[in-house]
2 protein chains.
Amino acid sequence: MDDTSRSNRPVTTTESSIRILEQLKQNPGGTLDELTDELDLARSTIHRHLLTLEDNDLLVREDGGFYLGLRFLDFGISARNRVPFFDVGRRQVDRLAEETGEKVWLVAKEGDFSVHLYKASGDSPLRTSARVGQRRYLHQLAAGKAILAYLDEEEFRAIIDRQGLLRMTDHTITDADALREELEAIRDRGYAFNTGESIEGLNAVGAPIRNDEGTPIGGISISGPANRVKGDYLKDELPDKLLAAIDEIHINLRYSST
Amino acid sequence: MDDTSRSNRPVTTTESSIRILEQLKQNPGGTLDELTDELDLARSTIHRHLLTLEDNDLLVREDGGFYLGLRFLDFGISARNRVPFFDVGRRQVDRLAEETGEKVWLVAKEGDFSVHLYKASGDSPLRTSARVGQRRYLHQLAAGKAILAYLDEEEFRAIIDRQGLLRMTDHTITDADALREELEAIRDRGYAFNTGESIEGLNAVGAPIRNDEGTPIGGISISGPANRVKGDYLKDELPDKLLAAIDEIHINLRYSST
DNA sequence: GCGACGCGTTCGAAAGATTCGAACGCGACC
DNA sequence: GGTCGCGTTCGAATCTTTCGAACGCGTCGC
């Protein structure tokens, strides 16, 4: 561990609280004893943290278990609303979903990850595991690869170094050089494809949302089952519609920039 | 301060972190110096907290300011998804919005408050200040009053004692006895009205969602401008539709209960 | 009706992390 | 070239967290 030796160590108390919250997110309704088993902190310590977090409405106690408080929803929605392209992006996502009938996602880049901001489902009954708020690696998403393609080399390399290229399916690109090639193709086209790279049998097109300086800050993807979303529909029709939506967003961003 | 003397004091370090986050929610993009002014903590202390929170993706640094991280969205959506009636409730809210064309809210009771979980807008262009995630006092909402009406006397009294009856408009009920009478009427009817009690010119009907034991755990409200939403439409038509939706939810809750 | 179990709660002492204030670095602006 | 704004670093003092053990209370089983 290199963090341990750093002179400006993090605030470990806060980190303990965070770890408790993370654990409760993963295991909703956990009890004090369960948390003690899982967390390598003294029972009484965890208890004090729980009391504090409860006092601050960050967690609630129900039916003999602890749960994340809905106050997180306030913080979360608040964070989302401040994403500069959220409002415009959402409108375009709704429009795309209606137009295509497919599942359309709006995502934001934050740190090394893509965060799912908003989804519109069209009328596809497709039930994926994706949920608003989730973070995903950039390399395993259509919109994510589109974002990677427009990052400067330095940041791209840093992200790959830190996060690696985790394999999700047989089609996931896990080789840095192969990814570099792919990103070049994406830059040529202006958009990215995802053919079963995150979920087997799920195809998608993605394009980046970029700020005034051209830095990618988010993206949109249109996805559907591989047996229907393929061929010209996937290669031409969807990208056309997608790019039109992205253009709209970019225009709006230019005008509304402070 | 009576908290200070309590033997089991809260974890003050965590509370400092929370206060920093609250401050950043209120004042997005704040700088270290701004936070120092506002928070009565040493600059270097706040700095260490910021680093820690940043390390944990709870906040991000952008354009020379600190912002809440999108990780909160993950926590928040996660918390919302665990509300037992959320899925069913959302479907019914969508249906009601489509049926009536009005603005429909799904709320949950958490602690002393109502939390806005989900909204469907129908086609009303009405732009209220309400947002998903926000907390409101129970006494100033239609759904909130409906919830209060079915709480046991003990909890009702405790909430009023702790929170009081804050006035929002001239029509807000701020007298405990008047509220008691109103709640009795609500119990007779099975639903509650809100006639400009939270926002001048905004009327609403609300009904409670109750668990197996009859304890209210949430609610639904249908609201619209007073000049249109009034008379028989408000008094009969909307309540009928609302109660039908609530019934649906209750039936679903019975079946899906563990 | 008695004992054991699960769960949350409380306590005091020991140790360890947080807090503080001051000083440093860096860039931008004038 | 000086100053302002902002983030960063440091070491010492102290205040708080942490720990483990014990307590209270309800519930289940016998």
Side-chain angles (χ1 to χ4, degrees), chain A residues 1-24 27-69 111 213 258, chain B residues 1-21 23-24 27-69 111 154 213 258:
Chain A
M1 293 199 173
D2 33 11
D3 310 80
T4 322
S5 59
R6 284 172 59 179
S7 58
N8 53 342
R9 279 211 274 306
V11 183
T12 56
T13 306
T14 294
E15 294 210 310
S16 295
S17 282
I18 295 174
R19 275 164 59 205
I20 290 173
L21 292 169
E22 281 170 348
Q23 193 57 43
L24 283 176
N27 177 24
T31 68
L32 178 54
D33 285 327
E34 281 170 28
L35 288 167
T36 307
D37 287 347
E38 295 153 348
L39 279 182
D40 190 37
L41 287 169
R43 229 165 77 95
S44 55
T45 302
I46 295 179
H47 182 249
R48 262 162 67 80
H49 279 266
L50 290 176
L51 284 184
T52 305
L53 294 169
E54 188 185 20
D55 271 0
N56 287 275
D57 296 309
L58 292 183
L59 59 82
V60 293
R61 181 186 311 231
E62 248 167 54
D63 312 319
F66 293 92
Y67 296 88
L68 292 184
E213 289 112 39
T258 39
Chain B
M1 290 201 175
D2 34 12
D3 310 81
T4 321
S5 59
R6 285 173 58 179
S7 58
N8 53 341
R9 279 210 274 307
V11 183
T12 57
T13 307
T14 295
E15 294 210 310
S16 296
S17 282
I18 295 174
R19 276 163 60 204
I20 291 173
L21 291 168
Q23 192 58 41
L24 282 176
N27 178 24
T31 67
L32 178 54
D33 285 328
E34 280 171 28
L35 288 166
T36 307
D37 288 346
E38 295 152 347
L39 280 182
D40 192 37
L41 287 169
R43 230 164 78 93
S44 57
T45 301
I46 295 180
H47 182 249
R48 260 162 66 81
H49 279 267
L50 291 175
L51 284 184
T52 304
L53 294 170
E54 187 185 22
D55 271 359
N56 287 275
D57 296 309
L58 293 183
L59 60 81
V60 293
R61 183 186 311 230
E62 248 167 54
D63 312 319
F66 294 92
Y67 296 88
L68 292 184
E154 188 189 4
E213 290 112 40
T258 40

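Lettering follows sequence order; numbering is per chain, from 1. These numbers come from a predicted model, not from an experiment.
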In whole angstroms, the gap separating C1' of C/dT18 from NE2 of B/His49 amounts to 7 Å
Exercise. Answer yes or no: is there a side-chain heavy-atom contact under 4.5 Å between A/Thr36 and A/His47?
Key: no
A/Leu50 CG to C/dC7 C1', in whole Å, measures 12 Å
ask   = Where the side chain of B/Arg19 meets the backbone of B/Leu39, is there a donor-acceptor pair that is under 3.5 Å apart?
value = yes
From CD1 of B/Ile20 across to P of C/dT18 the rounded distance in Å is 13 Å
Taken in chain and number order and not counting sequence neighbours, the residues that satisfy side-chain hydrogen bond (donor to acceptor under 3.5 Å, both in side chains) with B/Glu62 are none
B/Leu51 CG to D/dC6 P, in whole Å, measures 17 Å
Between CG of B/Asp33 and P of D/dC4 the distance, given in whole Å, is 13 Å
Among the nucleotides D/dC6, C/dG8, C/dT18, whichever has the atom closest to the side chain of B/Thr31 is D/dC6
> What is the nucleic acid contact for B/Thr45, judged by heavy atoms within less than 4.0 Å: base, sugar-phosphate only, or nothing?
Replying inline: base
Self-check item: Side-chain N,O (B/Arg48) to OP1/OP2 (C/dG21) below 4.0 Å
Solution: no
Between NE2 of A/His47 and C1' of D/dT18 the distance, given in whole Å, is 15 Å
Given side chains that start at C-beta, do those of B/Leu53 and A/Val11 come closer than 4.5 Å, heavy atoms only?
no
B/Arg19 atom CZ is separated from C/dT19 atom P, nearest whole Å, by 10 Å
*asked:* Quick check on D/dT18: is either OP1 or OP2 less than 4.0 Å from any side-chain nitrogen or oxygen of A/Ser16?
replied: yes
So, does B/Thr14 use its side chain to make a donor-acceptor pair with the main chain of A/Ser17 at under 3.5 Å?
-> no
note: A/Leu32, atom CG; C/dG8, atom P; distance rounded to Å ~ 5 Å
- Please check if the side chain of B/Thr45 supplies one atom and the backbone of B/Leu41 the other of a donor-acceptor pair under 3.5 Å. no
Looking only at D/dC19, C/dA17, D/dG5, the nucleotide nearest the A/Thr13 side chain is C/dA17
Has the side chain of B/Thr31 got a donor or acceptor atom that lies under 3.5 Å from a matching backbone atom of B/Gly65? no
B/S/- along nucleotides 22-30 of chain C (protein heavy atoms under 4.0 Å) is -B-------
The answer to which of B/Leu41 and A/Gly64 contacts DNA chain C further toward the 5' end, by nearest nucleotide, is A/Gly64
